[in-house]
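All residue numbers refer to positions in the sequence shown, counting from 1.
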Amino acid sequence: MQQSLREMLQPQILITSGTAGIVTGTIGVIRAISYASLIFSGALAIHLPVGLGLTVFSTAVTLVIVALTSTLPGMIATPLTAPTVILAMIAAGISTELQGEPAAEVRATVVIMIAISALLTGALLLCLGLCRQGNRIRVIPYPVIGGFMAGTGWLLTRGFVQITTDIPLTWSSLEQLFEPKILWCWVPGLVFAIALLMATHLWQQFWVMPLTLAICAGLFYLMLLGSGTSLETARAAGWFLGPFPQADHLWQPITLQLFSQVHWSAILHQSSGLLTVMVISFLSLLLSNSSIELVTGQDLDLNSELKSIGLANLATGLGGGMMGNQALPSTLLVNDIGAKHRLTSLFAVLPSLAVLALGSSFLSYLPKAVLGSVILYLGLSLLWKWLYKAYFSLPLWDYMTVWAALVVINTVGFLQGIVTGFVSTVIWFMYCYSQVDVARQVFSGATTRSNVDRSPVENQILTQNGSQIYVLELQGFLFFGTANYLLNKVRDRLLDKNPDQSLPLLTNTAQPLEHVVIDFRQVQGIDSSAVLTFDKILKLARQHHFSLVLTNLLPNLEQVFHQGLDISFESNHYQIFADIDRGLEWCEQQILSAALSLETPTAQALTTMTELLAHQFLSLEQAQRFMTYLNVQSFPAGHYIFRQSDGAPGLYFIESGQVSVLLEQTNGHSKRLQTCTRGHLLGEMRFFSKVPLSTSVITDTPCQLYSLPKDTFEQMQTESSDLAQLLQAHIVKILCDSLSRREQQLQVMQ
């Protein structure tokens, strides 16, 4: 703590913090006065001194709490314009509803309404921060941030004109601004702002902006002295701030007596407006936070910022004040001056405390030109970055989004401008995403097979007829922008067209389409338009007599399909499988069943293990000798022949039944790598490798196997070396065929 205090008392930190704090604090007080004038206007104007104390108190409390709790030293937080406009509308509605009621009751109702809005907003932000929802809601599109900052820049520019001339910057007021009397009000501020821009651009030192502001203020008073203009004359000409309302005891805390005067029904009738205030404050925090991160290059902990602003709003609400938020322009000014210290925010409280203690008369000695030059400096800096420099760094649509948000912000409203930016960004995203090929891979069953080992005859049939299977591996999110693409793909295949001529994946497309396999393993979600597209594909399946096979459907996607698809026709037109491997297996089985019976004439004759061995790699005499080394074993369905990381006590030859090789995954599921049937060999990798494998082998049906233990194989090598050599050659052929099949699949999936 002593070290921190010693650092804060260094001259560089004191100068920069004091300058930035006093300037931003003065701006905050002026804004607070303007907010009070906005809320307490019309019939409520008689309560303006109370409103002034309320807004200045809110500014002071928000500054202090955020200064002590924000993750960014030098963060400035004050009441903001957008929520204040809504509060002014609510106050006007209450005033109209309570017309004819005693003035004290109207004032009490409005003050309590403002306090409730601060409490509700504070509770919302604090709960979001405590529940650590900041990272879930912080994503703001970059063009929206750009539009927000450009809009802020233009509002600051308009604010400069309003402060220095008391004339709003509109098309109709342009002629009036160039009258000689009015020129003297804003031209000095423009000159000072240009001086600030040039000085800060030429010298990147902490003392540049404070010194330049001091020189500008000195030149202004020298100009008055040199021209013989008195302060009263200059004040009458509108060159100084003020006049401000005067009253004793500006801030009046909430008392129990005040509650007895409140018309609660009038506040309840404005509940929608209070909800709007909460939403706008929340959006303002998100946008300000993202913009400050972008300018300062420092990541903020949004959860901490939510809690910080939430606590500040709760404190101001309990004290009868209004909600506050991160003040982007003032925080950017602190960053530009190089005063990113908590001491800066504490200095910024001093003008508010002075107004609450002494009144606002001392502010009338501040030249509008000097204060306005700081505001114009910030506005021009933002406009230069987001309207000129952004043209060279942003894509055209993003740059146009910045302009669209800027125009709407300054012609309609802040919230409408932000919504425009969001809508524009979403439209562009949907357009770009709809151009992405939603089919990650497109191939046919002639080039990619399931992991079921087939006989040579079956492989030949699948090679000749595999193009009857049309496979689409999808990716991303399926929505109305990409859904029609899938329908066109299937229609093109029905018409015997290859939509991917650049990829040699679809062969023999002259064969009729029998099966469409659509894999959802890399699909994150689907909307109702995409479900409608699949319903159209199902109708095509019924009309053209092909089957639709869906694989890797997550439970939520499967539920969506069952709710939205017409599956009232035969089940052979619509199938769902756990993965694409089993989906391909089902399609292959349909093709094989249609081509010939599953048992070929050759296979039907091979009923014993001896005959199978003789057919594969041995002569009949050798097979009979080979059988003397084997031990027969029977296993029920679901029995693990090998478990993960187990070694192999021997080789296994399948005489009957079916087994599957499974890869055990970390999520608890397993993936089928291979399915083996009669005549296949098991355990060759484990038999010859000393490295444990990550696969398991399990029986799918009751099986009868013949085992060749390792010690028996060694005996075979000694007694019947010819059999051992033929077995090793057979194993090499099996491994080479497996590698060849994997290589073919990888080439297809590139």
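- Side chain to side chain, Thr19 and Thr16 fail the donor-acceptor criterion of an N or O pair below 3.5 Å.
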Step-by-step side-chain contact (heavy atoms from CB on, under 4.5 Å) determination, Ile292 to Met75: CA-CA 9 Å; Ile292 291 169; Met75 177 75 78; 3.7 Å; yes
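- Residue Leu302 is tested with Leu128, Thr71, Leu285 for a side-chain contact (heavy atoms from CB on, under 4.5 Å); the sole match is Leu285.
- Nearest heavy atom pair, residue Leu177 against residue Trp186, reads O-NE1, 2.8 Å.
- Contact detail for Leu224 and Ala234: the closest heavy-atom pair is CD2-CB, 4.0 Å.
- Side chains of Pro79 and Met323 form no contact here, defined as non-hydrogen atoms less than 4.5 Å apart.
- Scanning all heavy atoms of the two residues, the minimum distance from Ala118 to Gly317 falls at CB-CA, 3.8 Å.
- Side-chain atoms of Leu343 and Leu14, non-hydrogen and from C-beta on, do get closer than 4.5 Å to each other.
- Tested against Ser291 for a side-chain contact (heavy atoms from CB on, under 4.5 Å), the candidates Thr296, Leu382, Leu328, Leu286 yield a single pass: Leu328.
- Between the side chains of Gln326 and Thr331, no donor N or O sits under 3.5 Å from an acceptor N or O.
- Counting heavy-atom neighbours within 6.0 Å of Met223 CE, excluding the residue itself, gives a total above 12.
- Here the shortest heavy-atom pairing between Ala150 and Val402 reads CB-CG1, 4.0 Å.
- Side-chain atoms of Ser330 and Thr24 include no donor-acceptor pair closer than 3.5 Å.
- Between Pro367 and Tyr221, the closest side-chain pair of non-hydrogen atoms falls below 4.5 Å.
- Using a 4.5 Å heavy-atom cutoff, the side chains of Ser345 and Ile76 are in contact.
- No side-chain donor-acceptor contact under 3.5 Å links Thr55 and Ser58.
- Contact between Val61 and Ala315 at its shortest, heavy atoms only, is CG1-CB, 3.9 Å.
- Not a single donor-acceptor pair under 3.5 Å links the side chain of Thr59 to the backbone N or O of Val29.
- Here the shortest heavy-atom pairing between Ala266 and Thr109 reads CB-CG2, 4.3 Å.
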